[in-house]
Amino acid sequence: MINVAILGFGTVGSGVAEVLEGHRELITQRTGRQFRVKYILDVRDFPDSPFGDRVIHDFQTIEQDPEVDVVVETIGGAGVAKEYTQRALRAGKSVVTSNKELVACCGHELLQLAKEKKVSYLFEASVGGGIPIISPLYQCLSANEIFEVCGILNGTTNYILTRMIGAGLSFEAALKEAQENGYAERDPSADVEGHDACRKICILAAVAFGRHIYPEQVPTEGITGVSLADVDYADSVGKKIKLLGRALRNGDGTVTAYVAPHLVDQSDPMAGVVDVFNAIKIRGDAVGDVMFYGRGAGKLPTASAVVSDVIDAAKHMNTKKYLDWQEGGEDVCASADSLVSPWYVRAEGSAEALRRALPGVSLLARHGAADSELAFLTGPMSRTELEEKLAGLSFRCVLRVLD
Ligand code: HSE
């Protein structure tokens, strides 16, 4: 019998209990082992839940119970979740989590502790919700030199952009709709300002490139600066605006990682990823491009990933689980300002000055644009070069074009 304790009985925690118990026979058939939810830790009581009798309020009971094999941490954040994770690992229990904030800030430290204690720390659900991505990247693609990881990593912002593009809603109206549908939090800043996607690209980059990358090292721009004018201009050149997290390996071994909205050509599969769906593209030297697509959030999709890790942890009891990466440092990341790409620019200024700076540039058109508005695409250049060349313009929106 594998005994599981769930920390936090919110959306994901309750989904984990439902999937583990609801698929009890199937899981036993597939693994030859029985799993049961022994404890649920929460500050609240759940008298109406079928799991109500397992709810406890002190972590110590879990920590000191030698029968508990796997602790599922779905509390979130890097406060008490970190303390309980460390205590569980020190007590010789494997920990499985969906907590991207904790993995992004402290993954290396927690993986080291897990290694020391010969248990597993697994976090498939921390990126892409139900999409299998951490194990495929670490295991199935381990024969490849990875060049790039690029993804639509946040469902809320993808929903907002989809509604701006498809229904012509303003950012504010699309955000309100996302909140009404239960996709966006009441405080949506972590989503719309790109921090959620930033944490996820940090985790993917660490797995892909083998060094910890901290969220503070990753320039992050959300979608609050994207307007319907930009959506229209993008549409006029056959492109869609998507918030992407990217991490690229440079020739000198450094990593360029950033989060920003991009113009993506409508022929690119990323452009067809709509609503709350996520997609992650990985470029390896042997495999070429592979793409993973599915539900990036939600109770059962996320529980699907958590429970698969619980099963994996149980399979790896008394053996070393493979996940690992080196510590971070100032030498890991290169500035995204030197990454060369074409750009979309919406600005105010003189068309003559623009033509002197970028001979041959074509202006984009949209219905209702002010006379002083200039919108155009550039050739490939770095952000530093773009700002030098176009110093005479007042930028309103500058977005990379995915090439
Ligand atoms: N707020 C996140 C999203 C939830 O919208 O993608 C899943 O991490």
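Just the heavy atoms: all of them, side chains too, but no hydrogens, waters or symmetry mates, feed the values below. Atoms within a ligand are numbered from 1 in the order they appear, just like the ligands themselves.
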Are F51 and F46 close enough that their ring centers fall under 6.0 Å?
-> no
Salt bridge (charged side-chain N to carboxylate O under 4.0 Å, His left out) assessment of E172 paired with K176 = CA-CA 6 Å; E172 291 75 17; K176 189 161 174 282; over 6 Å; no
Does a sphere of radius 6.0 Å around CZ in R30 hold more than 12 heavy atoms from other residues, nucleotides or ligands, not counting ones at 6.0 Å or beyond?
-> no
Without hydrogens or angle criteria, can the side chains of W325 and H212 be said to hold a donor-acceptor pair below 3.5 Å?
-> yes
Those protein residues which place at least one heavy atom below 4.0 Å from ligand 1 | K100, N154, G155, T156, D191, D196, K200, G296, A297
With the threshold set at 4.0 Å, does a side-chain nitrogen-carboxylate oxygen contact exist between E373 and R396?
-> no
Could you point out which residue of V149, V290, L244, D268 forms a side chain to side chain contact (heavy atoms under 4.5 Å, CB included) with K281?
-> D268
